Amino acid sequence: MPVFYGTEIASALMLGTALYPSPAILAEAFRRSGAGVATVSLRREAGGGREGQDFWALIRDLGVRVLPNTAGCHSVREAVTTAHMAREVFGTDWIKLEVIGHADTLQPDPFGLVEATRILSDEGFRVFPYCTEDLVLCDRLLRAGCGVLMPWGAPIGTGRGLMNPYGLRSLRAHFPDVPLVVDAGIGLPSHAAQAMEMGFDAVLLNTAVARAGDPAAMALAFARAIEAGALARAADPMEPRDMAAPSTPLLGQAVLA
């Protein structure tokens with residue numbers, strides 16, 4: 001099971017809480033998936049009203065670790081302010097840090113992300129940064145205080161899977177002792193299994209489950225795929241070959257004249 005900032009999580013599946021057709025379907029998706037973490041974004045406009053309070057009560061009833069995020073923030077100041085509000089509301093120092101730098105691709109702003117990480121880490125936050133697989137950026141984030149890295153697989157909500165397998169494998173190889181989570185762009189359970197086979201510690205997703213025809217069934221499919229991927233990694237899979245190799249040995253076969 002993954003360990004983040006000294007806390008063991010019950011499942012390698014981290015699930016978002018947005019976009020579900022209804023609160024009941026959200027709750028059922030979490031129940032069937034066994035997800036260990038729920039990510040939630042702070043909605044300032046609803047946080048103090050009845051709707052916001054009902055939502056927070058639903059999240060607490062899920063019985064999983066809550067990871068607030070700074071979704072939709074485009075500046076360091078906005079992200080830091082949102083993180084402080086989230087700590088007040090949820091009573092946790094964990095924060096998924098998003099500082100968006102490009103409106104179309106939702107690619108993180110690497111400069112703002114490092115700056116916000118340094119500020120929040122100095123203020124006692126446990127930062128989970130939404131980043132790219134860039135090795136230099138990830139090294140800077142670790143130096144700024146991160147104990148976890150969360151590179152994207154593809155742009156948020158695209159469902160394209162792991163668009164840069166080489167970069168993700170390089171990240172795993174360069175930081176073997178750092179917990180790594182693939183965050184964003186996952187569309188199918190096979191994408192999640194692939195991430196776990198690469199040696200990632202967890203997968204975070206939202207849209208692929210929430211927008212499925214049957215979110216609860218899809219959540220279960222992701223849970224099983226993640227388990228399969230982790231088991232495959234632990235089993236030390238064979239290396240791919242360029243040439244064919246017979247699985248049945250020739251020695252001992254009958255010789256027909």
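Because the structure is predicted, anything quoted here is derived from the model rather than measured.
- Side chain of Arg211 to main chain of Leu19: a donor-acceptor pair is present (N/O by atom type, distance under 3.5 Å, no hydrogens or angles).
- Ion pair Glu239/Arg241 not flagged as a salt bridge, since none of the NZ, NE, NH1 or NH2 atoms sits closer than 4.0 Å to an Asp/Glu carboxylate oxygen.
- Side-chain atoms of His84 never come within 3.5 Å of backbone atoms of Thr81 as a donor-acceptor pair (strictly under, hydrogens ignored).
- Remark: side-chain polar atoms of Glu115 are not paired, donor with acceptor, to backbone N or O of Phe111 under 3.5 angstrom.
- A salt bridge is defined here as a Lys NZ or Arg NE, NH1 or NH2 lying under 4.0 Å from an Asp or Glu carboxylate O, and Arg224 with Glu227 fails to meet this definition.
- In summary, Arg143 and Asp139 engage in a salt bridge, as defined by a charged side-chain N under 4.0 Å from a carboxylate O.
- Looking only at distances, a side-chain donor or acceptor of Thr70 sits under 3.5 Å from a matching main-chain atom of Glu98.
- Note on Val209 and Phe55: same hydrophobic cluster, where clusters join Ile, Leu, Val, Met, Phe, Trp and Tyr whose side-chain heavy atoms are under 4.5 Å apart, directly or indirectly.
- Taken together through direct or relayed side-chain contacts under 4.5 Å among Ile, Leu, Val, Met, Phe, Trp and Tyr, Tyr130 and Ile186 form parts of separate hydrophobic clusters.
- In this structure the side chain of Asp109 never reaches within 4.5 angstrom of the side chain of Ile100, judged on heavy atoms.
- Salt-bridge check for Asp134 with Arg140: failed, with every basic side-chain N at 4.0 Å or more from each acidic carboxylate O.
- Annotation: cation-pi pair Arg126/Phe4 absent, no NZ/CZ under 6.0 Å from the ring centroid and within 45° of its normal.
- Looking only at distances, no side-chain donor or acceptor of Arg172 sits under 3.5 Å from a matching main-chain atom of Met198.
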